[in-house]
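Numbered from 1 within each chain, the chains take letters A, B, ... in sequence-line order.
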Amino acid sequence: MVTARFDSAVMQNEVAYILHDEERLKSEIIRVRGNLAEMQVYEATVGLRIGEVVEFTGELLSAELGPGLLGQIFDGLQNPLPEIAQECGFFLQRGVYKKALSDTRTWDFTPVVKPGDRVRAGDRIGFVKENIFRHSCMVPFSLWGIFEIVSVEHAGPLTIRDVVAQIRDADNHIIPVYLAQDWPVKIPIRSYAEKLKPGEPLVTKMRLIDSLFPVARGGTYCIPGPFGAGKTVLQQLISRHSDVDIVVIAACGERAGEVVEILKTFPSIHDPRTGRPLSERTVIICNTSSMPVAARESSVYTAVTIAEYYRQMGLHVLLLADSTSRWAQAMREMSGRLEEIPGEEAFPAYLESRIASFYERAGMVRLYDGSTGSVTIGGTVSPAGGNFDEPVTQATLKVVGAFLGLSRSLSDARRYPAIDPLISWSKYPGIIDRKQKDRGHAVLRKGYDVAQMMKVVGEEGTALPDYVDYLKAEFFDFVYLQQNAFDIVDEATSRERQVYMFDVIFRILETEFSFPDKGTALHFFQQLRQLFKGWNSTSWQSREFEAAENEVRAFVSERSGAG
Amino acid sequence: MQKFYTRISQITGDVIVVEAENVGNTELAEVITRQGISLAQVIRLDGNKVSLQVFAGSRGISTGDRVRFLGHPMRISTGAHLLGRIFNGSGMPLDNGPALSENLVDISGPSMNPVKRLIPDKMIRTGIPMIDVFNSLVESQKIPIFSIAGEPYNELLARIAIQVEVDIIILGGMGMKHDDYLIFRDTLEEHGALSRSIVFMHTAADPVVECLLVPDLCLAVAENFALEGKRVLVLLTDMSNFCDALREMAITMQQIPSNRGYPGDLYSQLAARYEKAADFDGAGSITILSVTTMPGDDVTHPIPDNTGYITEGQFYLKNGAIEPFGSLSRLKQQVNGATRDDHRLIMDRMIQLYADYRETQEKQAMGFSMSAWDKKLLRYGKLFEEKMMSLLVNIPLEDALDLGWEILHECFSPEETGIRKSMIEKYWPHMYAGKTYAR
Ligand SMILES: Nc1ncnc2c1ncn2[C@@H]1O[C@H](COP(=O)(O)OP(=O)(O)O)[C@@H](O)[C@H]1O
Ligand SMILES: [Mg+2]
């Protein structure tokens, strides 16, 4: 933290540069007292001296929004990391900042308005093609009121520096509109008609999520769990398979290696919906643990701003933040340096409201033109000691719509994904018929109760029907809830297949089997499980799929007597 | 022009405050006392009040002593001339060799650009099944041994270290006992690796600040070699002493602790060191193996907890064996898909069955009668512990996989294993009935 004396007006959260020898170090005012501005520096402060000059910009920290964001990898301040690597090599060099979008790249513009049309903030002037998307060029979100189009460019190639249209406000001022615009990251973009209630399921192809704890488009969810329980792997699977247009990944304060994995593999993984490389629908904001802490705090805001921007084009966007706890810790470090009165575990008192307002930026919105777009936010939480009873988890649970709690004992036993179905919940409607889903939950609960009871009275003290219920729960868990992330088929299950399989399993769970003894029951479910495992790794509706299904059906009907 | 400052206005813990001008943040200084010269580092600037952390501690510093600023942050000499040598936590020689001044680099250099990293993909074979089969170690991984006091963690660390095919080994000792140093020296010597090793040693008797510097010294030197294309292994033991040194410093600086006295930035501090492990695109690599002793065998203690959140897994050493639960290699999937097609299967199923065994064991301890299935599990668990978990076992990966099938075969019928048919057909040992497996 650096304190600077100023003599003209400064603004809270204004960006300032500290001039040190040849370097300009970006920072942000986070508190003003008298004529002293206290600033968090987005860089290491090595070598800074008393008496250095500070340059105030009068601007809030902003993101540059325009075509060219997709496929990019930025740091928390939206510097493109590949370009920095080109200039600086292996290491991040302090004070080197690059423009987020290319000034010289041209985009094929097509206008959709004509002179005389009336528009307001967020309305579409035209579009360019960015990968498979129609990237809208919009009236700046920062403008208020109704404007008249004075002129608009003809169809043709433009750069983000070219004026695409001129608009006139009520006072006859002419305002130029460009392909790109800036927006302060800590303020939500609100150029839409209304915010809708999230209701449509967002299919992730993770069975445990879609079938039992669904996520909704425009909704929010969190994944708390101790280290190593599978938060990051789960988020990566979701980023690959989710039924959304665009994915924004905020790698916030965790391992750089995990980002590299996404970065290097996404160009060669194809999105089955579009046949295009995943990288073309992904934006990565990467402020990993050894990068400056202050920029880590900003990174989640940069990410959500980019997500909102694409939402304004009527697209469905998924924002994945891993981990929100590192963001909260960045706030804690800043707060500590400001010597603010600490709350629980030294987190600042405003932790809860910051978390709430971050998740509040999710939503399904109806735009002025009647189309809808959405931002769904999923954040991991890394609770200290794996104990959910801590400030970040608790504040998050208050605001999210779905809670996917990971458990150490499940991951230790290699039962992946290690989402504990007994503590998780979701407020959203899903893809499975309500009755079947409730039955699934009931079976799991019953299985757990019997398992607990068996710990007290032993297996021989447990009645056969109870024991069978326990075996059913184990079976359900094994063949449906567990999903092998490293099997190319099992890794992702389509909505149709989930509905189909759940129905088959539902029937098995509903069947009254008559076993002579526990040993026979155990053996039956072990065999059934093995058949299902084989079935799970056949591709949907292939010949092998049918063969495996027939085998399962024959096996079950044999045992259930009548068939 | 070198200027001396003599106005030392405050001495608390190992931090002194001196009035001076034109001083840079984190700059190094020399404090000239009656006992000699001690290095110190700027940790805070407030107007003309400069707070300095004195490496050798503040004992014996008088308000009349002189301070001279050196105009640069802490540096260390790097290069091949360090090989075979041993230094303390200030980078001063502990052997009879000369002090170093060539090719100096700042010890806390900038962070690596993530896009210049490669995806790690070279498996390190250790001959220890609990690592090779269940939690494969990978070049450029950062992974600690979690251990309670009294376990042979340094022996294990040394044993793994000599398996790693690297060009250079750098050992950083924090609060290290001389006996432990000898374990490493003898092991390295026995395998002819001493001449390509470098040691930075801090003992419990040395100043706390030097403990904090050990990882940075090791990693700065390692990074320099890696940039020249060398594959470097860094051993850090015991990182818990590093964390406790951080806590001590934070308390001296009157920072608000977040958890059991540890500073709120413990995670970031650990990350700044561990994230130096990397496979450089177009150059060498740094692998970090460390030791984290767990106070009270409690993984939720802030030290192992924050460590586990940043490292790429951990080997959990308990009762003289690497525990299957609590141990994890986050990079295993980068390499275990390309070894043998039954590797992942054996890895998953054997652990799942071992988890069932542990439950059965609990039931047994409660005095419940054991079903036929329980008895199978008990047999399995015992075999698993004897043949796989024991640290005495030293066999190649492929033999360990065969051994896995053999154990399953000895205890279960094929469908009881839950393994899908196609793999059973390929690997189930009945086809070789009668044959005993060569170990
Ligand atoms: N769904 C899964 N399938 C198989 N292995 C998994 C799965 N999830 C996690 N793992 C294993 O656990 C390790 C840690 O998972 P990760 O998601 O990085 O944990 P976290 O982010 O919670 O610390 C992974 O590297 C992988 O080996
Ligand atoms: Mg993670």
Proximal component of [X], with respect to chain B [non-hydrogen, under 4.5 Å]:
| X | result |
| --- | --- |
| A:Ile84 | both |
| A:Leu522 | side chain |
| A:Ser323 | neither |
| A:Arg255 | both |

Top contributor to chain A contacts, counting heavy-atom pairs under 4.5 Å, from [options]:
| options | value |
| --- | --- |
| B:Ser111, B:Gly264, B:Ala271, B:Ser108 | B:Ser111 |
| B:Gln255, B:Gln334, B:Glu359, B:Glu362 | B:Gln334 |
| B:Leu227, B:Leu328, B:Val299 | B:Leu227 |

- Task: Could you tell me whether B:Arg330 and A:Glu261 have a side-chain N and a carboxylate O separated by less than 4.0 Å?
- Result: no
- Toward chain A, the part of B:Pro302 with a non-hydrogen atom under 4.5 Å: neither
- Message: For a side chain to side chain contact (heavy atoms under 4.5 Å, CB included) check, start with the C-alpha distance between B:Val115 and A:Ile73, then their side-chain angles and the critical distance, and finish with the verdict.
- Response: CA-CA 9 Å; B:Val115 306; A:Ile73 161 156; 4.0 Å; yes
For the atom pair [atom1] ([X]) and [atom2] ([Y]), what is the distance rounded to the nearest 0.5 Å?
| X | Y | atom1 | atom2 | value |
| --- | --- | --- | --- | --- |
| B:Asn25 | A:Leu48 | CG | CG | 6.5 Å |
| B:Asn306 | A:Phe227 | CG | CZ | 9.5 Å |
| A:Glu339 | B:Ile256 | CD | CD1 | 7.0 Å |
| B:Glu21 | A:Arg49 | CD | CZ | 13.0 Å |

- Query: Can you pull the salt bridge (Lys or Arg N to Asp or Glu O under 4.0 Å) pairs that have at least one residue in residues 365-375 of chain B, sequence neighbours excluded?
  - Reply: B:Lys363-B:Asp374
- Task: Look at the side chain of A:Lys264 and the backbone N and O of B:Arg117, then say whether any donor-acceptor pair between them is shorter than 3.5 Å.
- Result: yes
- Within 45° of the axis and under 6.0 Å from the centre of the six-membered ring of B:Tyr309, does NZ or CZ of A:Arg326 qualify? yes
- Task: Give the C-alpha distance, both sets of side-chain angles, the deciding distance and a yes or no for side chain to side chain donor-acceptor pair (under 3.5 Å) between A:Glu333 and B:Ser268.
- Result: CA-CA 10 Å; A:Glu333 283 185 35; B:Ser268 297; 3.1 Å; yes
- Write down the atom of A:Leu92, the atom of B:Pro110, and the distance for their closest heavy-atom approach. O-CB, 3.2 Å
